[in-house]
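Quick caveat, the model's predicted, so the values are computed rather than measured.
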Amino acid sequence: MSADAAVRTGADAPVLQVSGLTIGLPKGSDRKTAVGDVSFTVGRGEIVCLVGESGSGKSVIAQSVMGLLPRTLPVQGGRIVLEGEDITDAGIGRLRELRATRMSMIFQEPMTALNPVMTCGDQIDEVLQEHTRLSPEERRAKTLAILNEVRLPDPQRIVRSYPHQLSGGQRQRIVIAIALVLDPVLLIADEPTTALDVTTQAQILTLIKDLQARHGTGVLFITHDFGVVAEIAHRVAVLRLGTLVEIGPRDDVLKRPKHDYTKMLIGSVPTHRPRPRTSDATAKVVLETRKLTKTYLDQGWFGKRREVRAAADVNLSVRRGQTLGIVGESGSGKSTVARCIVRLIDPTGGEILLDGQDIAAMSRRTLRPLRQRVQIVFQDPYRSLNPRRTVAEAIIEGPVNFGLSRSDALVRARQLLELVHLDQSALERYPHQFSGGQRQRICIARALAMEPELLIADEAVSALDVSVQAQVLKLLEEIRERLNLAMLFITHDLRVAAQVCDQLAVMSKGEVVEYGPAQDVFESPRHEYTKALFDAAPGRDFEFGAG
């Protein structure tokens, strides 16, 4: 059944009704309110997606419903009604009774949502102990039943496992199990699939839809991924700077948006159709790997010694002015290859040829002069920057370490800020004073300060809003063309890969299973894994409109 055809049986009596919700901000903020006069409902058996850029108020609304807002964000007006009960000003005791029993929340990062020193079974059992009078045997039976329901393999083993012993997708299933074990009427999912690769993401989305349909739960789903919205939403609510600018059925909002802001967001969504691209097949080869291998030894206290091949016989090449994309699931070896090329980790075997010079086995001292020729931009710009250093200090550190005078390095820093479209006043500010997209621009400027021949982007846009992502991708394209850089682009977002890559390598279990021109790989994938990967992408066949 399509999202539009789904019957919203709770439309007349919604499980959640938010009316005129207004949430304040601390004094000195640029805006007066975090959320201003927002109204919407979530019916039983309905999935409502809240979308908007960072700072639009999505997560603030979710936290207000759960009663998790800090005191610095007071509810100044409006009502939050859960199954007919006004919980706007409910006390801590009443909110504790409602959480898990009538409303639950799934957070974005399961590793921070779970207790690392408790087994997964104990964390589910904790909810049952707090909210039921079931016996230990009944609680264990219910725990195993919910683990089966969220389709975790070998529940008997999972209950004894700690979070770090599970994959990211399995950890997220544990969080979902905890949220649904007591059959709440409202489930709030705050970016629950953002950090997952496309196949795991598809499994989690299918799981949430199936469980929601089976239990008749109303779902408030927060995301910035419009592919996910197209896949699961019944209705879509669009937020901008705390204001609800558009709400309606999925197809109306995504195919026929009315508000200019919605049109801008949807216009920023990259398509799965690769852009025709031309690159010089005779250009100089900047990077080549030959049979690149990275093997780890895994040996527990009492277990047998086991070899894990994170990368196996990887052969790649990148020419000047060309972008090579590497795609695959988590654990496929994408980032391992990147870190070997930058020599953040040492390869076990094979060659890494930089301008024909093998750097794979070079000593740290011999390698040092060559490091400036390969630079990397990581996924999380906030963790990549030292919070105690100004932007100027971050950008000039590398060039100064390699012998450039401080005054010349500052001149270069000003030029680079102009190149990444930031004002020169940013030099004297600190990372926390910028948005996520601006911080990523600073990281790009810092990498370019070394005047590299090869720039590696390791999931550099996956954590960004769709509109900011489009800006950063356009910026990277401009820089590649202007500086004639070779670029290695690692991503799990196939829409992004389709737009920026000239060549594409598909990795699975440490091996390159398909390799060739990006347009050929997208339009005529040959390997079964590649086909499965592309088929799993959310909203793959959905046709977005921009007005």
Side-chain angles (χ1 to χ4, degrees), residues 1-3 5-11 14-16 42-50 62 65-66 82-83 98-110 113-114 120-121 123-125 127-128 131-132 139 141-155 158-159 166-196 198-223 225 227-235 250 536 538-539:
M1 181 185 296
S2 70
V7 178
R8 299 199 301 270
T9 57
V15 295
L16 175 68
V42 179
R44 187 176 296 276
E46 180 183 38
I47 299 177
V48 176
C49 281
L50 277 182
V65 174
M66 293 294 295
L82 179 69
E83 269 199 317
L98 293 174
R99 293 175 191 145
T101 59
R102 289 171 62 188
M103 60 180 181
S104 286
M105 191 164 180
I106 304 171
F107 296 95
Q108 177 175 346
E109 177 46 65
L114 295 170
C120 295
Q123 295 190 57
I124 299 173
D125 186 68
V127 176
L128 299 175
H131 295 285
T132 73
R139 294 199 308 270
K142 197 167 182 66
T143 296
L144 292 173
I146 194 66
L147 290 178
N148 270 311
E149 195 167 5
V150 298
R151 300 172 195 160
L152 277 164
D154 193 2
I158 295 292
V159 294
L166 306 180
S167 69
Q170 289 175 327
R171 286 195 290 264
Q172 197 62 291
R173 288 170 189 264
I174 294 294
V175 174
I176 294 170
I178 293 171
L180 293 178
V181 68
L182 291 177
D183 293 329
V185 294
L186 175 68
L187 177 65
I188 299 175
D190 190 359
E191 301 275 12
T193 62
T194 297
L196 304 176
V198 288
T199 49
T200 307
Q201 185 182 63
Q203 294 166 8
I204 295 298
L205 291 177
T206 299
L207 175 64
I208 290 175
K209 285 194 294 183
D210 289 350
L211 292 173
Q212 170 263 334
R214 198 178 310 155
H215 293 266
T217 310
V219 177
L220 183 62
F221 199 104
I222 297 168
T223 183
D225 188 329
V228 170
V229 176
E231 192 75 26
I232 68 167
H234 297 129
R235 285 190 300 140
R250 179 198 65 183

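- Remark: Q172 CD to F107 CZ distance equals 11.0 Å, nearest 0.5 Å.
- By the 4.5 Å heavy-atom criterion applied to side chains, E231 and K209 are counted as neighbours.
- For the pair Q123 and I178, the tightest heavy-atom approach, listed with the atom from each and the gap, is CB-CD1, 4.1 Å.
- Contact of the R235 side chain with the R250 side chain is not registered, since no non-hydrogen atoms from C-beta on lie closer than 4.5 Å.
- Annotation: side chain of V219 is not in contact with side chain of V48 (no heavy-atom distance under 4.5 Å).
- Taking each heavy atom of G169 and T200 in turn, the nearest pair found is CA-CG2, 3.4 Å.
- Between R173 and E149, none of the side-chain N atoms (NZ, or NE/NH1/NH2) sits under 4.0 Å from a carboxylate O, so this pair counts as no salt bridge.
- With contacts defined as side-chain heavy-atom distances shorter than 4.5 Å, the pair C49/I232 qualifies.
- L205 has its side chain within reach of V228: a pair of non-hydrogen atoms, C-beta onward, lies under 4.5 Å apart.
- By the 4.0 Å N-to-carboxylate-O rule, R151 lies close enough to D210 to be salt-bridged with it.
- Counting only heavy atoms from C-beta outward, the side chains of L166 and C120 approach each other to under 4.5 Å.
- Here the straight-line distance linking atom CE of M105 with atom CG of L186 works out to 10.0 Å at 0.5 Å rounding.
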